[in-house]
Amino acid sequence: MRKSVIALMFVVLGAPFIAQAAEEARPFITSEDLDLSKYIPAPPENDSAQTKAELDELIQIQKNSTAAQKKMAIDDSNGENVWRFSDVMGPEFVEAKLPKTAEFFSRLVATEDVVNELPKKVFHRPRPYMLNDNIHPLTKATTSGSWPSGHSTLGYLMATELSKMVPEKRDALFARADVYASNRLISGFHYRSDTVMGRTTGALIALKSEQQPDFQPEFDAAKAE
């Protein structure tokens, strides 16, 4: 799981640098435009029956996952970018050939990062491996909040915009987003409810981003490419 540049600068340098970092990353919106903590419920309590059931589920998922599934989960964890959808989009869907697409989706990645940072801090749900030692993170562990899943949010956000560019691949793109989210369970970083909430937060970010004046021109350029 990545450590947000925004979060790191907040801790090390203080609030005035957040705006500067966000500007450099060029997100379409920030948490000032969309405060997700006002639109989503709080996560289940740590000692709730739901959380306990979800922890038990994760133990079984990790136990039953194949080496190939774990490798894909690691690759998805390390690949927070639209090129993870190349298995749906085809072999020509590569960054070197699609600079406008790369720029557009890099802005979406930055958008998810800065918008999701706030609810993660507000709710600060512990990661599954922080509550149960039988769950093992497949990549470098983080102590940032688990609710909602940033990877899942991003996956559904990218699938939303890709499906509008290539509507004939809509179902396959959202199926891939489901896998992208589910891989966070295999990797031990999220409860299932985190990833389900990612569908909602991805949709909210998409809707708000699409209202920004600079969104449509960049979307159109990427679609044309």
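- Here Asn46 contributes atom CG and Lys52 contributes atom NZ; the two are 10.5 Å apart, rounded to the nearest 0.5 Å.
- The CG atom of Leu36 lies 11.0 Å from the NZ atom of Lys120; values are rounded to the nearest 0.5 Å.
- Separation of atoms NZ (Lys223) and CD (Gln216) is listed at 8.5 Å; rounding is to 0.5 Å.
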Original post:
Run the side chain to side chain contact (heavy atoms under 4.5 Å, CB included) check on Phe105 and Asn81 step by step: do they pass?
Top reply: CA-CA 7 Å; Phe105 282 97; Asn81 57 66; over 6 Å; no
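- Of the N and O atoms on the side chains of His190 and Thr195, not one donor lies less than 3.5 Å from an acceptor on the other residue.
- Hydrophobic clustering (ILVMFWY, side-chain heavy atoms < 4.5 Å, transitive): Leu98 and Leu157 are in one cluster.
- Ser31 places no side-chain N or O within 3.5 Å of a backbone atom of Leu118 that could act as its donor or acceptor partner.
- For Asp47, the CG atom is densely surrounded, since the number of other residues' heavy atoms within 6.0 Å is greater than 12.
- Remark: the backbone N or O of Thr66 is paired with a side-chain donor or acceptor of Gln69 at under 3.5 angstrom.
- Counting heavy atoms from C-beta outward, Ser146 and Met130 have side chains that stay 4.5 Å or more apart.
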**OP:** Applying side chain to side chain contact (heavy atoms under 4.5 Å, CB included), run through Phe174 and Arg170 and close with a yes or a no.
**Re:** CA-CA 6 Å; Phe174 276 99; Arg170 177 182 175 82; 3.7 Å; yes
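- In this structure, Lys70 places its NZ atom where more than 12 heavy-atom neighbours from other residues, nucleotides or ligands lie under 6.0 Å away.
- Within the 4.5 Å cutoff, no side-chain heavy atoms of Val122 are placed close to those of Trp147.
- In the hydrophobic clustering of ILVMFWY residues, with side-chain heavy atoms under 4.5 Å counting as a link, Ile186 and Ile59 come out together.
- No more than 12 heavy atoms of other residues, nucleotides or ligands sit less than 6.0 Å from atom CD of Glu32.
- Judged by distance alone, the side chain of Glu218 and the main-chain N or O of Glu103 form no donor-acceptor pair under 3.5 Å.
- Side chains of Ser193 and Arg125: a donor on one and an acceptor on the other come within 3.5 Å.
- Within the 4.5 Å cutoff, the side chain of Pro137 has no heavy atoms near those of the Ser187 side chain.
- Using cut-offs of 30° and 60° on the angle between ring planes, the pair Phe104 and Phe28 is tilted.
- One distance of note links CE of Met72 with OH of Tyr180; it measures 10.5 Å at 0.5 Å rounding.
- Between Glu210 and Lys164 the shortest side-chain heavy-atom distance falls below 4.5 Å.
- A continuous path of hydrophobic side-chain contacts links Val114 to Val82 [ILVMFWY only; heavy atoms under 4.5 Å].
- Not one N or O on the side chain of Thr200 forms a donor-acceptor pair closer than 3.5 Å with the backbone of Val196.
- For CD of Gln60, the number of neighbouring non-hydrogen atoms (other residues, nucleotides, ligands) closer than 6.0 Å is greater than 12.
- Side-chain contact, Tyr129 with Asn134: no donor N or O sits under 3.5 Å from an acceptor N or O.
- For the pair Arg127 and Phe189, the NZ or CZ position fails the cation-pi test of under 6.0 Å to the six-membered ring centre and within 45 degrees of the ring normal.
- Under the 3.5 Å distance criterion, the side-chain polar atoms of Glu54 are matched with a main-chain donor or acceptor of Arg192.
- Between the Ser48 side chain and the Pro44 main chain, no donor and acceptor come within less than 3.5 Å of each other.
- Put simply, the side chain of Val166 reaches to within 4.5 Å of the side chain of Met89, judged on heavy atoms.
- Defined by atom type and a distance below 3.5 Å, a donor-acceptor pair is present between the side-chain atoms of Thr101 and Glu225.
- Residues Pro128 and Ile135 come closest through the heavy atom pair CB-CD1, 3.9 Å.
- Defined by atom type and a distance below 3.5 Å, a donor-acceptor pair is present between the side-chain atoms of Ser77 and Arg184.
- Rounding to the nearest 0.5 Å gives a distance of 9.5 Å between CG of Asn116 and CG of Leu154.
- Between Thr201 and Tyr39 the shortest side-chain heavy-atom distance does not fall below 4.5 Å.
- With hydrogens and angles disregarded, a donor-acceptor distance shorter than 3.5 Å links the side chain of Asp33 to the backbone of Thr30.
- Within the model, atoms CG of Leu58 and OH of Tyr191 stand 8.0 Å from one another, a figure rounded to the nearest 0.5 Å.
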